[in-house]
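Computation of the quantities below employed the complete heavy-atom set of this structure, encompassing side-chain atoms and omitting hydrogens, waters and symmetry-equivalent molecules. Because the structure is a prediction, the values reported are computed rather than measured. Within every chain, numbering begins at 1; the chains are lettered A, B, ... in the order of the sequence lines, protein sequences first and strands thereafter.
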Amino acid sequence: MPGEIALVVGAFDPAARLAGFAAEHRDAGAVASFLGQVRCGDDVGCGDDVDDGQALELLHYEPLTLPSMIALGEEAQKRWKLSGLLILHRIGIMCAGEPIVLVACAARHRRPALTAVDFLMDHLKSRVWFWKREKTATGWQWIEPREQDRTDLARWAPAAHS
Amino acid sequence: MPGEIALVVGAFDPAARLAGFAAEHRDAGAVASFLGQVRCGDDVGCGDDVDDGQALELLHYEPLTLPSMIALGEEAQKRWKLSGLLILHRIGIMCAGEPIVLVACAARHRRPALTAVDFLMDHLKSRVWFWKREKTATGWQWIEPREQDRTDLARWAPAAHS
Amino acid sequence: MEVTLVFLGRLEDAAGGAQRIIAVEPPSCIANIAQSLEPDLCAALLKEDVRFALNGALVQRHCSVSDGDEVAFLPPVSGG
Amino acid sequence: MEVTLVFLGRLEDAAGGAQRIIAVEPPSCIANIAQSLEPDLCAALLKEDVRFALNGALVQRHCSVSDGDEVAFLPPVSGG
C-alpha cells in the first residue's frame, strides 16, 4: 500500500493527520488535499448537508467498502506515481461542521498531486460503497445519487467499479 | 478581500494555518489545499528543488508582488464564488523540507474548491513576481522559467498579468 | 438451508430491517431468494440499479447460493 | 535628475547589484536610461522578455521618467 486508507468511526482531527502526512512526505515537494466537512445547509454535495441541529449518517458494508477504497487508492497510485496517499473516510453519525473525508496526495510535482486528489474525490463519492441518510424533522431520509455524480465520473477514463 | 493573502518571511506552520482556515470555514463543506515544500532533489518544480544541504532563495519586488497576489486571489474569488481563500507565500532563504507556499480554498462544493486551488497554483508559479535562485556548489544560480509553466497557464482562459 | 440477507441503504427501509436470516430450498440463486420474499420487497431488490454481493464479492443475480452464505443487496451509493 | 534603478532576478547579476542610483538628463524614458548604462547591461535590460515598472506600476519602455522615480527591470518569473 502506498499510504494510509481507513474508515474512521468518530471524529478525527484533519489538521493533525495532514500535518503528519506532510511531514512524512517532506521530500515530495507537492502535497494536495481535500477536506469535506458536514455542511449545515440546504443542498446535497460535498461536504454533505444536514439541516441545522440535525445529523447525517454514513453507512458502509464491511466486506466491500474498505476493499473498494483500497482498490481506488491503488489505481490512483498507479496512474500518478504518488509518493504518498492518505484517505480517511468517516462512517457513523455526524453533525454539521464535522469532517467526513480527508484525502491527501504527495508527489514530486503539483499536477499529479492535485489531479489525484480530484480523481479520488470523484470516485469516493460515486464508486465507493457508502450510503447516507439525513435526519430531518420528519425522520431519517436516504440520500439518492445525483446526476452530477455521473458527470463527475465521466471526466475520467473508465475505472472498474470495485 | 475574501481571505488572507500574505508574503511570509521565515518558516510558517502550514498545518496550523490550514486548521485555522478550515475551522473558520466550517460551513463551507469543501476545503481544498495545496502545500509546496522545498524539495531536496534534482529537477525544478513545485516544491522547488535544492541540492542536498543547499538552499533556495525567493525574491520579490515589494511594490508589485503582493498586489499581484491579491489581484490573483480576487480573480479566483470572482470565478468560483469561494467562501474563503488563503494564500501564503514564503520569501527569503529556505532549506529542503520547508514550506514555500500554502493555498487553500473553501467552497460549498468540491469542484470549485479544487479547481480554484489548481488555478491559483498555476498562476502563482508563472504570473506572480517571484524570482528564485538556488545555492549550488558553485554559488547562487537563478532559476529560469520552464516551458511547462506556459503549458500550465494555457489551461485557463486569459488572466491579465498583473 | 439458511442464508443471511443484508439490505443496504434505502433497501433497509424496504425490508424493515438491515438484516434477515431466512430458510431457502436449494438449489437457489439470488433472484430466486428475492422472489421468495414479499412482492414489494422483491421488486425493490431486483430493480435494475441494485447490485448483489455474495460473501463480500460482487456477483450476478443468477449466482447460486449455498447454506450459510451472506447475500447483500446494494442500491446505488449516495454520491454527493 | 536622480533615478533609482532596481534590478530583479538574473538582472541583479548583470548589473552587479540589486539597485543603483544614477543621474540622468531630462527628458529621459526607460529605454534612454538603459542605453546610458554599460552596453552588456543595456542589452540584458532591453531583452524582449524584460518588463518595466515605474514607481511600482507596469509601464512600456518609452514611458518618461522624472526626478526621484524608481524604475524596476523585471525579467520573467522563475516558474516551477
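When B/P14, B/A19, B/S33, B/A113 are compared by the number of non-hydrogen pairs under 4.5 Å with chain A, B/S33 comes out ahead. Your options are B/L18, B/V117, B/D152, and the one with the most heavy-atom pairs under 4.5 Å with chain A is B/D152.
Taking B/R17 as the reference, B/E4 meet the salt bridge (Lys or Arg N to Asp or Glu O under 4.0 Å) condition, with sequence neighbours excluded.
Here the straight-line distance linking atom CG of A/D118 with atom CG of B/D118 works out to 8.0 Å at 0.5 Å rounding.
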**Asked** Hey, mind stepping through A/R111 and B/M121 against side-chain contact (heavy atoms from CB on, under 4.5 Å) and telling me if it holds?
**Response** CA-CA 10 Å; A/R111 183 77 50 235; B/M121 284 306 306; over 6 Å; no
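Of the possible donor and acceptor atoms, one in the side chain of A/Q37 sits under 3.5 Å from a partner among the backbone N and O of B/H25.
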Could you go through residues 91-106 of chain A and list every donor-acceptor pair under 3.5 Å that involves a side-chain atom there, pairing it with any protein atom two or more places apart or in another chain?
unit_1: A/E98; atom_1: OE1; unit_2: A/R90; atom_2: NH1; d: 2.6
unit_1: A/E98; atom_1: OE1; unit_2: A/R90; atom_2: NH2; d: 3.2

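A salt bridge between A/D122 and B/R110 is present, with a side-chain N of the basic residue lying under 4.0 Å from a carboxylate O of the acidic one.
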